[in-house]
Amino acid sequence: MLVETPTTRPETPAANRRRHDDAPDTMERFGRLAALPDGPEREALRDELVTAWLPMAHRIAGRFRDRGESLEDLRQVAALGLVKAIDRFDPERGAFESYAVPTITGEVKRHFRDRMWALRVPRRVQELRNKVRVARRELTQAPGSPEPSVAALAAHTGLTEDEVSAGMEALESFSTLSLDAELSAGDDGYSLADTLGAADGSYDTVIDRESAKSGLRRLPERERAILYMRFFEDMTQSRIADQLGISQMHVSRLISRSCARVRDEAMGERTGRPPQN
């Protein structure tokens, strides 16, 4: 009578081991699939393999639940990865499960990377986020470990503190807060939009005034006096003409010429081009 012990139990061939109950024995069907040409028979066998391995795809999708995406959508993405794995699998290279698991997992991760960001985050920042997330998990594995500082994360990952900060900001980019979100309860509640500033039109006035100053200083004294009387003392052109002893038409030409010169010089300073004479 043979008593099985750890040293006498027959070894199970590696090819016949199954890591999970949802890994069916389909090697014979994969062999037939590889030999079949395109057509209805091949499509039917392919659908049969998809049905057989779909529980495994659903199991992989379940690992990513509670990350802001519905489980049903994750299962659809995992099923797409399963179809890709079946189409690309070469039965001569080993077990299908070893090939399918990373293929399906990669498809789900790609879904999160490309479509689940509420804000569009550059690929470089996404990679920083992943490094920071892994480092935080590794540094807080021990019970009671404090939240690691930016400096500690930088030392652990080999990143700069600025890169760690960018990665930490990206951790929050899967979701956004609506501008209509209430920030205070009660009758005096206000929304996030109420806390945001608005463009101040006075800034344009300040810029225009500062741009015109140097041009005004370079005008002849009489033209500066005419502009001052017209625009600061609100005098009419006829009164200015009487005060200076010149015609109203001459006053009008001087005002037009002076304003054009100041405007050209101001615009030339903004664009870096010399003013037109």
Distance (rounded to the nearest 0.5 Å) between S252 OG and R230 CZ: 10.0 Å

Y99 and R88, any side-chain heavy atoms less than 4.5 Å apart: yes

E210/K213 salt bridge by N-O under 4.0 Å criterion: yes

Rounded distance (nearest 0.5 Å) linking atom CH2 of W53 with atom CD of E97: 5.0 Å

Partners passing side-chain contact (heavy atoms from CB on, under 4.5 Å) against L36 (at least two apart in sequence or in another chain): E41, R42, L45

Greater than 12 external heavy atoms within 6.0 Å of E233's CD: yes

Heavy-atom neighbours of E147 CD exceed 12 at 6.0 Å: yes

Residue pair R59 / P55, side-chain heavy-atom distance below 4.5 Å: no

Non-neighbouring partners of H58 that pass side-chain hydrogen bond (donor to acceptor under 3.5 Å, both in side chains), sequence neighbours left out: none

Qualifying residues under side-chain contact (heavy atoms from CB on, under 4.5 Å), relative to P220, sequence neighbours excluded: E223, R261

Exercise: identify the closest heavy-atom pair between G62 and L71: CA-CD1, 4.0 Å

Separation of F30 CZ from D90 CG (nearest 0.5 Å): 11.0 Å

Euclidean distance, I60 CD1 relative to K109 NZ, rounded to 0.5 Å: 11.0 Å

Pairwise distance OG(S258) to CZ(R253) - rounded to 0.5 angstrom: 12.5 Å

All side-chain contact (heavy atoms from CB on, under 4.5 Å) counterparts of A151, not counting sequence neighbours: S149, E161

Listed once per pair and sorted, the ring-ring contact (aromatic ring centres under 6.0 Å, His included) pairs that draw on residues 143-167, sequence neighbours left out: none

Greater than 12 external heavy atoms within 6.0 Å of R29's CZ: yes

Counterpart residues, side-chain contact (heavy atoms from CB on, under 4.5 Å), relative to S238 (two or more places apart): T236, Q248

Side-chain donor-acceptor pair present, D73, S70, cut-off under 3.5 Å: yes

Ring geometry between F89 and F96 (parallel below 30°, tilted from 30 to 60°, perpendicular above 60°): perpendicular

S211 to A266 - nearest heavy-atom pair and separation: O-CB, 3.6 Å

Residue pair T157, V132: steps toward the side-chain contact (heavy atoms from CB on, under 4.5 Å) verdict: CA-CA 7 Å; T157 58; V132 170; 5.6 Å; no

Heavy-atom pair with the smallest gap, counting every atom of A152 and L139: O-CD1, 4.2 Å

For residues 74-87, which side-chain donor-acceptor pairs fall under 3.5 Å, sequence neighbours excluded?
residue	atom	partner	partner atom	Å
Q76	NE2	E72	OE2	3.4
K84	NZ	E107	OE1	3.2
K84	NZ	E107	OE2	3.2
D87	OD1	R46	NE	2.7
D87	OD2	R46	NH2	3.0

Set of side-chain hydrogen bond (donor to acceptor under 3.5 Å, both in side chains) partners for Q237, sequence neighbours left out: none

Residues that, via side-chain heavy atoms closer than 4.5 angstrom, fall in one hydrophobic cluster with M235: L216, L219, I226, L227, Y228, M229, F231, F232, I240, L244, I246, V251, L254, I255, V262

Salt bridge D242-R239, side-chain N to carboxylate O under 4.0 Å: no

Reported CG-to-CE distance for the pair L153 and M168, which is rounded to 0.5 angstrom: 6.0 Å

Results of salt bridge (charged side-chain N to carboxylate O under 4.0 Å, His left out) for E28 - residues two or more places apart only: R32

For D162, side-chain hydrogen bond (donor to acceptor under 3.5 Å, both in side chains) partners two or more places apart: none

Sequence-distant partners of E127, salt bridge (charged side-chain N to carboxylate O under 4.0 Å, His left out), two or more places apart: R123

